[in-house]
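A short worksheet on the structure shown next.
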Amino acid sequence: MEKFAFIIHPLTAKDFSRKFPFAKNWPDRFVEGIMKYIPPFKVSEITGVVSDHAEAQGWFVGCPLTSRQMLEMPEPYVIKKIIKAGKVAEKLGAKVVGLGAFTSVVGDAGITIAKNLNIAVTTGNSYTVATALEGTRQAAKLMGKDITQANIVILGATGSIGAACAQILAREARYMTLVARNEKKLEKLAEQIFRSTGLAARVTANTKSALKAADVVIAVTSAVDSIIEPEDLKPGAIVCDVARPRNVSRRVAEMRNDVLVIEGGVVKCQGT
Ligand SMILES: NC(=O)c1ccc[n+]([C@@H]2O[C@H](COP(=O)([O-])OP(=O)(O)OC[C@H]3O[C@@H](n4cnc5c(N)ncnc54)[C@H](OP(=O)(O)O)[C@@H]3O)[C@@H](O)[C@H]2O)c1
């Protein structure tokens with residue numbers, strides 16, 4: 001039996017009160033203040049994972065810090081708490097641990113965490129990239145859009161997931177815009193893409209203007225608040241929202257029936 005664990009954390013304070021309903025009416029900052037003192041713990045057990053090749057059992061381990069805390073609190077403190085969550089996984093008997101949501105965004109994307117654990121550590125980002133691209137291609141097909149002719153916008157293009165998505169899609173796309181806040185990093189990425197694929201991608205730090213012209217958007221920033229609003233999107237646009245917390249505002253679903261927003265990195269397993 002293969003044994004694994006996956007570290008999760010509340011994306012916002014509201015997620016904490018879903019698990020602990022007594023905290024439902026507490027102010028967010030108060031919930032966050034309390035969470036700082038809760039050590040990582042086993043959230044639940046995962047059983048019945050069976051394939052033709054192996055059988056697996058695992059655990060979700062909670063690291064009580066919100067996305068905002070992971071970005072705003074001192075990095076050494078956050079990394080130490082994630083390592084403690086990894087130690088819980090080790091004690092449970094996991095042989096590999098996955099870093100969920102912001103636990104792989106903070107610091108050096110898992111390197112320090114891996115150095116401090118005795119089991120294998122993965123961000124799972126390669127799989128996220130593969131599923132986000134596959135989902136985007138299928139969504140484009142469904143909406144009758146030709147990826148090779150579409151204007152593709154990657155939000156969070158210089159990130160771990162964004163850069164890989166951009167580099168792969170650049171082999172099939174003709175029009176691509178790379179978006180993030182740091183323009184120097186964007187230019188460096190655009191240069192690499194040009195050298196490896198011949199595609200001259202545009203770069204901008206202006207998310208709103210890039211979205212206005214986008215046929216297909218891959219949204220994968222580490223922003224803690226939504227950055228895509230209903231008025232930003234072109235009619236008929238497709239958005240693959242990979243980010244957690246999501247980059248697409250809830251208002252998009254309410255106000256834009258003409259656009260298709262899909263969840264990136266969500267996979268239906270065989271037999272489920
Ligand atoms: N769905 C899934 O299965 C799954 C799996 C893994 C990760 N994720 C999520 O994917 C997201 C990205 O993860 P990652 O590991 O690729 O993170 P990362 O390496 O830290 O990259 C984040 C990217 O977002 C950009 N960015 C941050 N804030 C921005 C803003 N306000 N506007 C525009 N760009 C912004 C950053 O560049 P600048 O700093 O220059 O702006 C960078 O390009 C996170 O939300 C994470 O939780 C989802």
Side-chain angles (χ1 to χ4, degrees), residues 6-12 15 60 62-63 65-72 75 78-79 82 97-114 121-136 139 152-169 176-190 192-193 201-212 214 217-229 232 239-249 261-269:
F6 197 70
I7 301 177
I8 56 173
H9 69 92
L11 297 177
T12 65
D15 289 340
F60 281 122
C63 182
L65 287 178
T66 61
S67 311
R68 191 183 304 279
Q69 286 177 301
M70 295 238 174
L71 292 186
E72 287 177 1
E75 203 176 285
V78 176
I79 300 274
I82 301 169
V97 63
L99 301 177
F102 273 56
T103 64
S104 67
V105 170
V106 69
D108 53 8
I111 293 168
T112 305
I113 297 162
V121 174
T122 173
T123 62
N125 282 357
S126 307
Y127 193 50
T128 301
V129 169
T131 58
L133 293 178
E134 181 59 22
T136 303
I152 299 171
V153 168
I154 317 260
L155 295 187
T158 51
S160 167
I161 300 171
C165 286
Q167 269 151 348
I168 295 169
L169 271 184
M176 184 179 281
T177 307
L178 309 172
V179 185
R181 291 165 303 180
N182 184 324
E183 295 201 49
K184 279 218 169 85
K185 283 192 191 165
L186 283 170
E187 276 155 19
K188 202 169 153 202
L189 175 67
Q192 281 168 1
I193 288 178
R202 283 179 290 265
V203 301
T204 180
N206 189 334
T207 305
K208 300 279 175 197
S209 76
L211 285 174
K212 285 252 172 323
V217 181
I218 297 190
V220 65
T221 82
S222 54
V224 289
D225 297 310
S226 46
I227 56 173
I228 305 180
E229 298 297 336
D232 297 333
V239 185
C240 176
D241 194 358
V242 187
R244 297 292 178 275
R246 291 175 176 76
N247 283 166
V248 179
S249 145
V261 179
I262 61 164
E263 300 274 330
V266 177
V267 176
K268 186 173 190 294
C269 297

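Just follow the structure's listing: the first ligand is 1, and inside any ligand the first atom is 1.
For ligand 1 and N182, the ligand atoms under 4.0 Å from any heavy atom of the residue are 40 (O). Taking every heavy atom of V220 and a limit of under 4.0 angstrom, the matching atoms of ligand 1 come to 10 (O), 11 (C), 12 (C). Atom numbering of ligand 1 starts at 1 in the shown order; those under 4.0 Å from a heavy atom of G265 are 3 (O). Annotation for ligand 1: atoms under 4.0 Å from non-hydrogen atoms of S222 are 22 (C), 24 (O), 27 (C). Close approach of ligand 1 to F102 is summarised as follows: ligand atoms under 4.0 Å from at least one heavy atom of the residue are 45 (O), 47 (O).
Closest to atom 11 (C) of ligand 1 by heavy atom, among L189, T221, N206, is T221. Distances from atom 23 (C) of ligand 1 to the heavy atoms of P245, G107, G156 put G156 nearest. In this structure, of T128, T158, I161, the residue bringing a heavy atom nearest to atom 7 (C) of ligand 1 is I161.
The distance criterion of under 3.5 Å between nitrogen or oxygen atoms is not met by I227 with respect to ligand 1. Among the atoms of A243, none of the N or O lies under 3.5 angstrom from an N or O of ligand 1. Taking distance alone, with nitrogen or oxygen atoms compared against 3.5 Å, G159 approaches ligand 1 more closely than that limit.
When non-hydrogen atoms are compared, ligand 1 lies under 4.0 Å from the side chain of N125 (C-beta onward) but not from its backbone.
The existence of a salt bridge linking K208 and E229 is excluded, since no basic side-chain nitrogen approaches an acidic carboxylate oxygen closer than 4.0 Å.
Closest to atom 29 (C) of ligand 1, if we only count protein heavy atoms, is R181 NE, 3.5 Å.
Here A223 pairs with T221, I227, N247 under the side-chain contact (heavy atoms from CB on, under 4.5 Å) rule; sequence neighbours left out. The side-chain contact (heavy atoms from CB on, under 4.5 Å) test applied to A114 returns V121, not counting sequence neighbours.
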